[in-house]
Number of protein chains: 2
Amino acid sequence: MRVLDIGEVAERSGVVPSTLRYYEEIGLIASLGRRGLRRQFDGDVLLKLSLIAMGKAAGFSLEEIAGMFGRDGRPEIPRDQLRVRADELQRQMVELRTLRDVLRHVADCPAPSHLECPTFRKLMQAASRERLVYRPSRKSPRTR
Amino acid sequence: MRVLDIGEVAERSGVVPSTLRYYEEIGLIASLGRRGLRRQFDGDVLLKLSLIAMGKAAGFSLEEIAGMFGRDGRPEIPRDQLRVRADELQRQMVELRTLRDVLRHVADCPAPSHLECPTFRKLMQAASRERLVYRPSRKSPRTR
DNA sequence: GTACGAATTCAAGTCGACTTGAGGTCAAGC
DNA sequence: GCTTGACCTCAAGTCGACTTGAATTCGTAC
């Protein structure tokens, strides 16, 4: 693959240079070297950045994501860890669905106070049963 | 409803006192007053805390959540904002599904390098098309 | 009446993931 | 050969959501 300098990588990936530098600093990506001052990257970095973005979307921290690449920079993820995470995503989806339903109900329910609406209360209870609430939290990205 | 002091609220809600104080400080919840030093809360606060937790799970910031309650402390959420958010959750679910599939594939694929596996590449492209990657990010909670 | 434990205040610290800013350097185009 | 503009470094700042710590104040039980 082609060699790209940081500006090109930034443009093609949508990841700004400061972030690319930061990623390099923490060892998440590696540059081939410099041309003058400019960092040069292997074209592969674009796919790697996609993986990183996906990992973030999946709720992995950068540190965890870094742990998923072997020394050669290729993905090297413990398979069962992946399955565990996939299952977590599955559960997360279920939660989101419940939540979506709650929001939709609240948007449509004509009851003066939701606190008195039985449907609302039922959904809330469902949410609690699923332990949607009162969970230790952790970060993951979202859309704006 | 009963009057609870902060310790009870903490115990029954799972939200620690320091967080309750913080929530009061930023105006997210209100105490009835004090008994000695101790904050007293209306029992309703428990449901409110559930709503707050749900809101967080939905990716609302505390500020946004605060905006969802009227002066009387009752939920008072702009309905179309709710629908917008529900739709966002919907999209988020689709992303999570794709991501889950990618993870499962990676876990099962025997190819030496995923970068060379056509299925992997296809899934990645699907993810990109869904704009799973390269999105401005924002916080939301996750399970540990 | 005093000791205890739980709650209080307030300022400061933490965490992850970046961004910002000041001041410096270099390759390419004119 | 000089300007330009994109890049560089390094330290410090930011953001949201809390937590921590030190010093203090109560109500309750003995």
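Residue numbers begin at 1 in each chain, while the letters A, B, ... track the order of the sequences.
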Protein-nucleotides 6-11 of chain C N/O pairs under 3.5 Å:
unit_1 : atom_1 : unit_2   : atom_2 : d
dA6(C) : N3     : Arg38(B) : NH2    : 3.4
dA7(C) : O4'    : Arg38(B) : NE     : 3.4
dT8(C) : OP1    : Arg39(B) : N      : 2.9
dT8(C) : OP1    : Arg39(B) : NH1    : 2.9
dT8(C) : OP2    : Arg21(B) : NE     : 2.9
dT8(C) : OP2    : Arg21(B) : NH2    : 3.0
dT8(C) : O5'    : Arg39(B) : NH1    : 3.4
dT8(C) : O3'    : Arg34(B) : NH1    : 3.3
dT9(C) : OP1    : Arg34(B) : NH2    : 2.8
dT9(C) : OP1    : Arg39(B) : NH2    : 3.2
dT9(C) : OP2    : Arg39(B) : NH1    : 3.0
dT9(C) : OP2    : Arg39(B) : NH2    : 2.7

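Rounded to an integer number of Å, the gap from Leu20(A) CG to dA6(D) C1' is 14 Å. Between the P atom of dC10(D) and the CD atom of Glu24(A) lies a distance of 12 Å, rounded to the nearest Å. Look at CD1 on Ile26(A): it is 10 Å from C1' on dC18(C), rounded to the nearest Å. The CD atom of Gln40(A) sits 15 Å away from the P atom of dC26(C) (whole-angstrom rounding). The nearest whole Å value for the distance from the CD atom in Glu64(A) to the P atom in dA17(C) is 9 Å. When rounded to the nearest whole Å, the span between CD1 of Ile29(B) and P of dA17(D) equals 15 Å. Here the C1' atom of nucleotide dG5(D) and the CZ atom of Arg35(A) are 14 Å apart, to the nearest Å. Remark: C1' of dC18(C) and CG of Leu62(A) are 9 Å apart, rounded to the nearest angstrom.
Side chains of Arg97(B) and Leu89(A) form no contact here, defined as non-hydrogen atoms less than 4.5 Å apart. Taking the side chain as every heavy atom from C-beta outward, Val15(A) and Ile52(A) never approach each other to under 4.5 Å. Put simply, the side chain of Tyr23(A) does not reach to within 4.5 Å of the side chain of Val45(A), judged on heavy atoms. Counting heavy atoms from C-beta outward, Arg83(B) and Arg104(A) have side chains that stay 4.5 Å or more apart.
At the heavy-atom level, Thr19(B) lies under 4.0 Å from the strands shown only through sugar-phosphate atoms.
Comparing dC18(C), dC18(D), dT28(D) against the side chain of Lys56(B) picks out dC18(D) as the nearest.
Contact between the side-chain N/O atoms of Tyr23(A) and the OP1/OP2 oxygens of dC18(C) is found at a separation under 4.0 Å.
The two residues Pro17(A) and Ile6(A) make their nearest non-hydrogen contact at O-CD1, 4.0 Å.
Partner Ser31(B) forms a side chain to side chain donor-acceptor pair (under 3.5 Å) with one of Glu24(B), Gln40(B), Arg38(B) and no other, that one being Glu24(B).
More than 12 heavy atoms of other residues, nucleotides or ligands shown are found within 6.0 angstrom of CD on Gln90(A).
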